[in-house]
Number of protein chains: 2
Amino acid sequence: MQMGEGVEWALHSCLNLAWAEPGEAVPAAKLAAFYDLPAAYLNKQLQALARAGIVTSVSGPRGGFRLARAPEEITVLDVVTAIEGPQEAFRCQEILRRGPGGSESVDYRKACVVSQTMRGAELAWRKELAGQTLADLQARVESRSPRTPAMTRQRFGEL
Amino acid sequence: MQMGEGVEWALHSCLNLAWAEPGEAVPAAKLAAFYDLPAAYLNKQLQALARAGIVTSVSGPRGGFRLARAPEEITVLDVVTAIEGPQEAFRCQEILRRGPGGSESVDYRKACVVSQTMRGAELAWRKELAGQTLADLQARVESRSPRTPAMTRQRFGEL
DNA sequence: GGTAGACTACTCGGATACCGTGTGTCCGAGTCCTCGCGG
DNA sequence: CCGCGAGGACTCGGACACACGGTATCCGAGTAGTCTACC
């Protein structure tokens, strides 16, 4: 069980977008150059964020990506779900249906104790991620490194 | 991010082992026939459980698998970790190292706010799974279907 | 000088290959039971 | 009748193919800015 590395890229890129000049669209190439990432592939991840309504994209010169909402309104779970998809990590195949006493009419994703347990754990995981917004992450970074916003904007200007 | 289906198989098989006659070794073929699973592949998963010390294996006629410890001493997390491996789902590549102000001597898996957040969520997930033992699952199933232990043993006898 | 038009450069978006991990299968090593033979 | 030994059957264990999703790349569609020519 491993999540794609695009999740890390997307989260850091969203933070950088949050620190960019308000209203400024940042192209994927700049976001990629920030951490020396493959630009085309990062672009693909950003497209997923755009489809999820987390960022908006604009084509052409002076185009790029920008956050679609305020950082306070974007949770870490939103970003993770946009990249990894909405389906749960544990996929209940309902094998109980093939076992003794298995019924065709029962939804074992709800009834099976194993499924319930795994679902409960994922719920706790989602709850943690949903409780953290981009603004929270920004605040924690800035409390440790107050110059980060200015440095980010400066870096975007240089690239 | 999707965990292997072997996790579901392993959990249900462990439950069935817990309900089997004490001291009886159940071969992989019987466990597979229980839910009409591919026997050789389930055997592979059971080997992983054996390597993790959750079950013990014995070769030859009358051989098979049995639980290595009491169900109270086996957590769901133990089984999941045995199948999926101990590494975390979120893999921090420490891309901050390549960014502006990135240092070679900093362990960003500890320092990076993104990594901390993801790690915290996985910790909550693990805590949930570690809080449930096989005995807990057994009890919940038996409270709903008291005949399950007898039916399981009967099924093993028929196969 | 102002304006309209076309051109160019830039960016996203999706279609297209490549690779690694999970999925599935097979055969060999080891063990126990059983059957036959000899005492 | 009892003990011993060889054979066979059964099971795990790891080595070997296959498939699918994640990884990476490229090229086309669309847009904004700019330059030029004309009014």
Letter per nucleotide, 5' to 3', of nucleotides 21-27 of chain D [B base touched, S only sugar-phosphate touched, - untouched; heavy atoms, 4.0 Å]: --BBBB-

Check side chain to side chain donor-acceptor pair (under 3.5 Å) between [X] and all other residues, then give those that pass, not counting sequence neighbours.
| X | value |
| --- | --- |
| B:Asn43 | none |
| A:Thr152 | none |
| A:Glu8 | none |

Contact list for residues 84-114 of chain A, test ring-ring contact (aromatic ring centres under 6.0 Å, His included), sequence neighbours left out: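 For residues 84-114 of chain A, and leaving out neighbouring residues, there are no ring-ring contact (aromatic ring centres under 6.0 Å, His included) pairs at all.
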
Sequence-distant partners of B:Gln87, side chain to side chain contact (heavy atoms under 4.5 Å, CB included), two or more places apart: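 Result, side chain to side chain contact (heavy atoms under 4.5 Å, CB included) vs B:Gln87: A:Gln2.
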
Counterpart residues, side chain to side chain contact (heavy atoms under 4.5 Å, CB included), relative to A:Arg144 (two or more places apart):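 For A:Arg144 the side chain to side chain contact (heavy atoms under 4.5 Å, CB included) partners, ignoring immediate neighbours, are B:Ala111, B:Gln116.
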
Distance, rounded to the nearest Å, where B:Glu24 contributes CD and D:dT11 contributes C1': 15 Å

Length of the line joining B:Leu17:CG and D:dC12:P, which is rounded to integer Å: 11 Å

N/O donor-acceptor pairs under 3.5 Å from side chains in residues 131-139 of chain A, not counting sequence neighbours:
from: A:Thr133; atom 1: OG1; to: A:Ala135; atom 2: N; distance (Å): 3.3
from: A:Thr133; atom 1: OG1; to: A:Asp136; atom 2: N; distance (Å): 3.2
from: A:Thr133; atom 1: OG1; to: A:Asp136; atom 2: OD2; distance (Å): 3.2
from: A:Asp136; atom 1: OD2; to: A:Thr133; atom 2: N; distance (Å): 3.0

The helix from C:dG1-D:dC39 to C:dG39-D:dC1: angle between end helix axes, five pairs per end, rounded to 10 degrees: 0°

5' priority, DNA chain D, between B:Ala28 and A:Pro61 [closest heavy atom]: B:Ala28

Interatomic spacing from CG in B:Leu123 to CZ in B:Arg126 - rounded to 0.5 Å: 8.0 Å

Throw together a table of side-chain donor-acceptor distances under 3.5 angstrom for residues 51-67 of chain B, partners on residues two or more places apart or in other chains.
from: B:Arg66; atom 1: NH1; to: B:Gly23; atom 2: O; distance (Å): 3.3

Indicate every side-chain donor-acceptor pair of residues 24-37 of chain A with a distance under 3.5 Å to a residue at least two apart or in another chain.
from: A:Glu24; atom 1: OE1; to: A:Glu21; atom 2: N; distance (Å): 3.4
from: A:Lys30; atom 1: NZ; to: A:Phe156; atom 2: O; distance (Å): 3.1
from: A:Tyr35; atom 1: OH; to: A:Asn16; atom 2: ND2; distance (Å): 3.4

Strand-adjacent residues in residues 46-60 of chain B, judged by heavy atoms under 4.0 Å from DNA chain C: B:Gly60

Candidates C:dC33, D:dT31, D:dT11 - which lies nearest the side chain of B:Arg62: C:dC33

